[in-house]
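What follows is a short report on a single structure.
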Amino acid sequence: MAAARCLPLRASPPEVAKAFSSSIPASSSSSTTTTAAASLPLRAAVPPSSGRRIPPLRCASSSQGSASPDIAVLLEVEGVLADVYRFGNRQAFNVAFQNLGLDCANWTEPIYADLVRKASGDEERMLLLFFNRIGWPTSLPTNEKESFMKSVLREKLKALEVFSASDSLPLRPGVEQFIDDALNEGVPVAILTTYGRNGEKTSRSIIEKLGQERTSKIHIVGKEEVERSLYGQLVLGEGIASSLDEQLVKEAQKAASAEKQRIAEEVASILKLSVDINAASKSSEKIIVTLRAGSEYVGRDVQNCVLVAGSQSGVLAAERIGMPCIVVRSSLTARAEFHSAKAVMDGFGGTDLTISKLLSKKWS
């Protein structure tokens with residue numbers, strides 16, 4: 001094809017020790033040893049207004065009572081609450097092209113779908129494939145292609161942030177009823193905004209479409225909420241030196257009763273998981289910390305939280321920490337395979353994902 005004539009245009013160690021010492025009384029017994037923690041996750045939930053102080057761990061109650069179902073739902077935003085890739089991304093790219101004076105660039109639905117498929121959704125690669133096909137702006141030096149693509153992506157993100165706040169980007173059919181059913185059944189719901197492709201601002205604009213009454217009953221877990229969580233402070237907090245491990249272990253070793261031993265196991269679990277996360281990629285670490293923080297806010301163990309994901313990265317992170325995951329397909333993941341997911345659904349309600357299926361664990 002002939003080239004187009006485009007025109008370019010933290011919590012400190014003493015504070016942590018204090019928090020733990022307030023919840024683990026000293027014991028005179030020196031014979032107690034802590035058992036290695038294998039899978040007990042944190043149960044501490046941090047209220048959004050709590051500042052940066054680490055809360056004490058909450059011990060599990062021995063009374064059963066008529067409590068809410070021992071399950072919680074964590075929801076991703078992009079691809080789950082809204083199909084951003086179908087109703088937002090393509091349009092935002094076209095606005096970016098216009099703003100940069102690239103009259104020759106316009107992505108129709110077939111062009112966009114073809115680029116998504118060939119680039120596996122990688123937006124920089126999509127741009128590379130497209131301009132290699134139609135021709136780069138005529139006055140663009142070869143060594144500036146990368147900076148040019150980054151400028152397009154910046155403009156695209158600005159356009160999407162505006163677009164996501166408008167009525168042009170709808171919520172997925174059935175998602176509001178799904179959330180209402182969960183709340184009516186006493187199932188805590190958290191929405192995760194930290195690791196979407198298009199940033200937290202876009203995610204929060206989409207969440208606002210749920211309405212104030214509904215969102216007031218939901219935990220919104222963003223960057224600040226993750227940093228305030230107990231797990232987030234231990235893993236991400238600045239000033240937490242290796243001596244912190246020794247302090248936590250020392251406090252854990254004071255536990256003398258079965259109740260105290262459970263706390264010690266949770267402390268040991270923190271130390272073990274911190275090592276695991278360091279071995280993961282930066283992106284994976286961010287998602288894992290978010291999932292852990294989400295489980296704190298809803299007050300459920302990780303294995304009793306179900307992640308409703310729209311991204312492969314979320315599925316893989318959930319698998320890493322033993323969190324069940326159900327995928328809701330979007331236009332971006334219509335042909336993708338999710339081997340570690342409990343189920344893959346096309347949407348919400350009817351024969352797809354419902355709260356009754358979650359409660360009965362009938363995934364498909």
Side-chain angles (χ1 to χ4, degrees), residues 1-9 76-79 82-166 168-169 193-203 205-206 223 279-287 310-317 329-337:
M1 182 178 290
R5 303 290 295 178
C6 292
L7 295 177
L9 295 171
E76 291 184 355
V77 177
E78 296 182 20
D83 192 345
V84 178
Y85 313 109
R86 179 182 179 186
F87 295 106
N89 263 17
R90 182 180 67 84
Q91 295 87 335
F93 268 113
N94 286 335
V95 171
F97 296 147
Q98 293 172 11
N99 290 344
L100 293 174
L102 301 169
D103 297 333
C104 62
N106 181 63
W107 287 0
T108 62
E109 285 196 22
I111 289 175
Y112 179 75
D114 182 59
L115 291 170
V116 167
R117 180 179 59 82
K118 290 181 177 177
S120 299
D122 185 312
E123 294 182 346
E124 190 165 321
R125 180 160 172 74
M126 288 166 64
L127 290 171
L128 184 65
L129 291 172
F130 178 71
F131 284 105
N132 279 344
R133 180 190 304 171
I134 73 160
W136 295 81
T138 53
S139 61
L140 180 71
T142 303
N143 61 356
E144 292 185 10
K145 287 182 178 180
E146 185 174 348
S147 61
F148 166 74
M149 289 189 293
K150 291 188 182 303
S151 68
V152 174
L153 292 176
R154 282 194 298 270
E155 287 295 322
K156 172 257 175 181
L157 182 57
K158 291 178 185 177
L160 184 59
E161 288 174 349
V162 174
F163 194 80
S164 64
S166 72
S168 300
L169 181 59
T193 68
T194 59
Y195 60 89
R197 290 179 176 221
N198 295 292
E200 190 162 346
K201 184 175 180 180
T202 296
S203 292
S205 293
I206 294 171
K223 183 175 181 290
S281 68
K282 200 71 176 177
S283 174
S284 177
E285 172 183 327
K286 182 178 182 180
I287 300 173
S311 66
Q312 188 72 259
S313 56
V315 175
L316 295 175
R329 289 193 185 277
S330 67
S331 57
L332 181 67
T333 59
R335 299 182 181 181
E337 295 184 1

Exercise for the section: For the residue pair L140 and F131, establish whether any side-chain heavy-atom pair is separated by less than 4.5 Å. Expected result: no
Exercise for the section: Could you check Y112 against Y85 for ring pair (Phe, Tyr, Trp, His ring centres under 6.0 Å), going step by step and ending with a plain yes or no? Expected result: CA-CA 10 Å; Y112 179 75; Y85 313 109; 8.6 Å; no
Practice task
Assess the side chains of T202 and E161: does a donor N or O sit below 3.5 Å from an acceptor N or O?
Solution key: no
Handout entry: Residues forming a side chain to side chain donor-acceptor pair (under 3.5 Å) with D122, sequence neighbours excluded
Key = none
Practice task
Using distance alone, with no hydrogens and no angle criterion, decide if E123 and N89 have a side-chain donor and acceptor under 3.5 Å apart.
Solution key: yes
Practice task
Establish, from distance only, whether the side-chain atoms of E76 and S311 form a donor-acceptor pair under 3.5 Å.
Solution key: yes
Practice task
Keeping the roles fixed (side chain from E78, backbone from R197), state whether a donor-acceptor pair exists under 3.5 Å.
Solution key: yes
Completion exercise
Residues at least two apart in sequence or cross-chain that pass salt bridge (Lys or Arg N to Asp or Glu O under 4.0 Å) with E124, listed by chain then number, are K150
Practice task
For salt bridge (Lys or Arg N to Asp or Glu O under 4.0 Å), just list the numbers for R329 and D83, CA-CA rounded to whole Å, side-chain angles, deciding distance to a tenth of an Å, and then say yes or no.
Solution key: CA-CA 9 Å; R329 289 193 185 277; D83 192 345; over 6 Å; no
Problem - Side chain to side chain, V84 and S164, heavy atoms closer than 4.5 Å - result: no
Exercise for the section: Identify the residue among L153, N106, L160 that makes a side-chain contact (heavy atoms from CB on, under 4.5 Å) with F93. Expected result: L153
Exercise for the section: Using distance alone, with no hydrogens and no angle criterion, decide if K158 and N99 have a side-chain donor and acceptor under 3.5 Å apart. Expected result: no
Problem - Atom NZ of K145: over 12 foreign heavy atoms under 6.0 Å - result: yes
